[in-house]
Amino acid sequence: MDVGERMLVPVAGGTAISRLVTYPPPLEIEADRGCYVLVDDDPIERWHYLFVSGEHCSASPSSGPAAPESRPSPVRSASGSGAR
């Protein structure tokens, strides 16, 4: 799957059956009374969103859906840059 390609991800719980997102999908999507959290510990064909009630969501109401850029990136140490 290429970055930006659309994918339909099934949902467990909440009011939605599935969510249309772009790859890589956001880790959380805000919804009424909670959020959908991506469960991606299986092969991509089995990825799904799980509805979580509002008090357990990390996204603030004003922040909107989590952007793919918010995913942690690998940290490189200064010593690994080749400068010695």
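Just so it is clear, the model here is predicted, and its values are computed rather than measured.
Here the closest heavy-atom approach between residue Pro25 and residue Tyr49 is recorded as CB-OH, 3.4 Å. For the residue pair Glu30 and Cys35, the shortest heavy atom distance occurs at CA-CB, 4.1 Å. For the residue pair Ala31 and Phe51, the shortest heavy atom distance occurs at CB-CE1, 4.3 Å.
With Met7 as the fixed residue, the side chain to side chain contact (heavy atoms under 4.5 Å, CB included) test singles out one of Thr22, Leu20, Ile44: Ile44. Applying the side chain to side chain contact (heavy atoms under 4.5 Å, CB included) test between Val39 and each of Asp42, Asp41, Val37 identifies Asp41 as the sole match.
Under the 4.5 Å side-chain heavy-atom criterion for grouping Ile, Leu, Val, Met, Phe, Trp and Tyr, Tyr23 is connected to Val11 within one hydrophobic cluster. In the hydrophobic clustering of this structure, Leu38 groups with Val21; members are Ile, Leu, Val, Met, Phe, Trp, Tyr whose side-chain heavy atoms approach within less than 4.5 Å, directly or through other members.
Environment of CD1 in Ile17: sparse, with no more than 12 heavy atoms of neighbouring residues, nucleotides or ligands closer than 6.0 Å.
Proximity of Leu8 to Arg19: side-chain heavy atoms (C-beta onward) are nowhere separated by under 4.5 Å.
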